[in-house]
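A quick write-up on the structure given underneath.
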Amino acid sequence: MKKLLYSLILALLPILVQAQFDGEFVKPRTGKFLLQNATVVTVTKGNIENGSVLIENGKILAVGKNIQANDAEVIDCSGQFIYPGMMDAGSRLGLVEVNSLPETQDYAEIGQVTPNMQALVAVNPNSVAIPVTRVSGVTTTLAVPSGGLFPGTAALINLNGYTPDQMYAGFKGVVLNFPSSARRSTWDRRSDEDIKKEAEAAQKTLNEIWGRAETYHQLQKAKAELQYYPEMEQLSKVVAGELPLLVEVNAATDILSAIEWIQSKNAKAILMGVAEGWRVADKIAAAGLPVIVGPMLSIPTRQSDRYDAAYTNPGKMAKAGVKVVIRSNDAENTRNLPFNAGFAAAYGMGKEEALKAITINAAEVFGVADKMGSIEVGKDATLFVSTGDPFETKSQILHVFIDGYRVPMSSRHIKLYQEFLERSPGLEKN
């Protein structure tokens, strides 16, 4: 009984930490809101100076100037900026609480082929890291499983809700860790021959699994009586084009191999990682494949590369005609997504394209551009108000809305800051 009580207390701690703010219990709340007198950064239709955004029933009702709504709660945003919520296209947020504690990790399953494992069901809506992330303007993330050849199915989530289903934002994709022929690191002491043999064996395994999935799909179409085979059930959806493949691949030679493999299988795919995409950007563009790149805050993949290889990577691919989306590939620091984009902006991508890479580009790649990614009438009211450019560390996020819910601007970090800002009793030197 004591152990059960202790477990319940631990489970409730994140909720209790988040709930107390300014001496009262604050929850996300919906309603009718009018955000006035701001610079509205629509992303798709330019900026509106001294503009307003009207929100009701989770949707954007109006965008423009001189909007009136007597029954709305008015929020004066003079001198401030309204942006669509930022989308992190690859993270473990909600799947892990502390990276160094295995007990808090739920992003990997035992086995090499587990595409049927759903990241969505493992998401912890009460993760302490979620409020930390969303008060930074990051409102939507892709929860990505890892480990093995087919580690599972990733899911797009909004960072507000009591259950994973409430958080689900409308996109899923099966992750494939494409077999690599590159060295794992500078400490990889395998011979060239061993590396080649392992890569060929992994490629053979991949082709065998894919062939099995194709056979399973054909049997389904023929309405044959099939035994329970959840792995092939999920992969058959990829074969049928119902679900895309999220192909994690980084080395230039592997990217070319992945493109060739994807085309040979006629699979709907999105490339992820793509650390050396800049080396083969023209080939990626010719294949018409979108990419999810990141993190930007990385060292070069090769010792011979320039220090800024990771920073310039997305800009070079974008200039080659590739649709680029940016991810943090983190859990504890998903809040740093805007700074990843900021590095890309500063190193050749430009602010406008970098902002698209974490808003409308991500929404288009995930097939949810009708609901999010820009500030337009009819879209979900998922946006934030900032004192300035969110790529700048000095900018402060003042208000956040997710699906029309005004979320409390509170997090564990903010509470600790407030607690120690003016200590009473204070500390005095003897």
Side-chain angles (χ1 to χ4, degrees), residues 32-69 72 74-89 134 136-140 156 158 169-171 290 292 314-315 317-319 321-326 337-338 341-342 344-345 349-392 395 397-406:
K32 189 171 185 179
F33 304 94
L34 178 60
L35 283 57
Q36 288 185 327
N37 308 320
T39 298
V40 182
V41 183
T42 68
V43 174
T44 52
K45 297 182 179 180
N47 297 351
I48 303 172
E49 301 294 334
N50 196 30
S52 300
V53 177
L54 181 60
I55 297 169
E56 187 178 21
N57 295 327
K59 300 290 183 180
I60 298 174
L61 289 188
V63 181
K65 296 186 177 183
N66 302 318
I67 297 173
Q68 300 296 325
V74 177
I75 301 174
D76 183 20
C77 303
S78 298
Q80 297 160 14
F81 298 80
I82 303 176
Y83 288 88
M86 292 182 281
M87 303 172 66
D88 190 323
R134 68 189 183 194
S136 299
V138 181
T139 59
T140 308
L156 193 68
N158 284 325
F171 170 84
I292 297 172
M317 287 193 287
K319 287 177 182 177
V322 179
K323 177 162 285 190
V324 177
V325 180
I326 291 174
L337 174 69
M349 196 176 198
K351 284 186 179 181
E352 186 175 337
E353 286 303 313
L355 181 60
K356 286 181 179 179
I358 55 173
T359 52
I360 193 62
N361 282 8
E364 290 174 349
V365 167
F366 295 143
V368 293
D370 60 325
K371 298 190 294 184
M372 58 181 71
S374 62
I375 298 179
E376 298 180 58
V377 173
K379 288 195 174 186
D380 295 345
T382 300
L383 48 86
F384 66 90
V385 180
S386 172
T387 59
D389 186 343
F391 296 168
E392 298 282 352
S395 296
I397 309 301
L398 304 177
H399 309 283
V400 174
F401 291 83
I402 300 177
D403 281 336
Y405 280 84
R406 185 179 182 181

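Predicted, not measured: the structure shown is a model, and the values here were computed from it.
Of the inter-residue distances, the one linking T359 atom OG1 with M86 atom CE reads 9.5 Å to the nearest 0.5 angstrom. Interatomic distance, N158 CG to R134 CZ, rounded to the nearest 0.5 Å: 11.0 Å. Remark: T44 OG1 to K356 NZ distance equals 8.5 Å, nearest 0.5 Å. To the nearest 0.5 Å, the span separating CD1 on I75 from CG on N37 amounts to 12.0 Å. The structure places OG1 of T42 at 7.0 Å from CD of E376, a figure rounded to the nearest 0.5 Å. Atoms CZ and OH, on F33 and Y405 in that order, are 10.0 Å from each other to the nearest 0.5 Å.
Remark: side-chain polar atoms of N361 are paired, donor with acceptor, to backbone N or O of V324 under 3.5 angstrom. No donor-acceptor pair under 3.5 Å is formed between the side chain of T387 and the backbone N or O of S395. Between the K319 side chain and the M349 main chain, no donor and acceptor come within less than 3.5 Å of each other. In this structure a side-chain-to-backbone donor-acceptor pair under 3.5 Å is missing from N57 to K59.
Side chains of E49 and T39: a donor on one and an acceptor on the other come within 3.5 Å.
Looking at I397 and Y83, their side chains never come closer than 4.5 Å, going by heavy atoms from C-beta outward. Looking only at side-chain heavy atoms (C-beta outward), D380 and V368 stay at 4.5 Å or farther from each other. Taking the side chain as every heavy atom from C-beta outward, I375 and V41 never approach each other to under 4.5 Å. Proximity of L355 to F391: side-chain heavy atoms (C-beta onward) are separated by under 4.5 Å at one or more points. Side-chain contact between V325 and P290 is absent, with no heavy atoms from C-beta onward closer than 4.5 Å. At least one side-chain heavy atom of I48 sits less than 4.5 Å from a side-chain heavy atom of K65.
What you find for M372 and A169 is that their closest heavy atoms are CE-CB, 4.1 Å. Considering every non-hydrogen atom in both Q36 and S52, the closest pair reads CA-OG, 3.5 Å. Between I55 and G404 the shortest heavy-atom distance is CG2-CA, 4.1 Å. Among all heavy-atom pairs drawn from I326 and L337, the shortest one is O-CD1, 3.8 Å. Of all heavy-atom pairs between A341 and A354, the closest is O-CB, 3.5 Å. Shortest non-hydrogen contact noted between A89 and F366 is CB-CZ, 3.7 Å.
One finds no salt bridge joining K379 and D370 here, because no Lys/Arg side-chain nitrogen approaches an Asp/Glu carboxylate oxygen to under 4.0 Å.
Environment of NZ in K45: sparse, with no more than 12 heavy atoms of neighbouring residues, nucleotides or ligands closer than 6.0 Å.
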> Run the side chain to side chain contact (heavy atoms under 4.5 Å, CB included) check on L383 and H399 step by step: do they pass?
Replying inline: CA-CA 8 Å; L383 48 86; H399 309 283; over 6 Å; no

>> Set out, in order, the CA-CA distance, both residues' side-chain angles and the distance that settles side chain to side chain contact (heavy atoms under 4.5 Å, CB included) for D403 and T382, then state yes or no.
In response: CA-CA 5 Å; D403 281 336; T382 300; 3.7 Å; yes

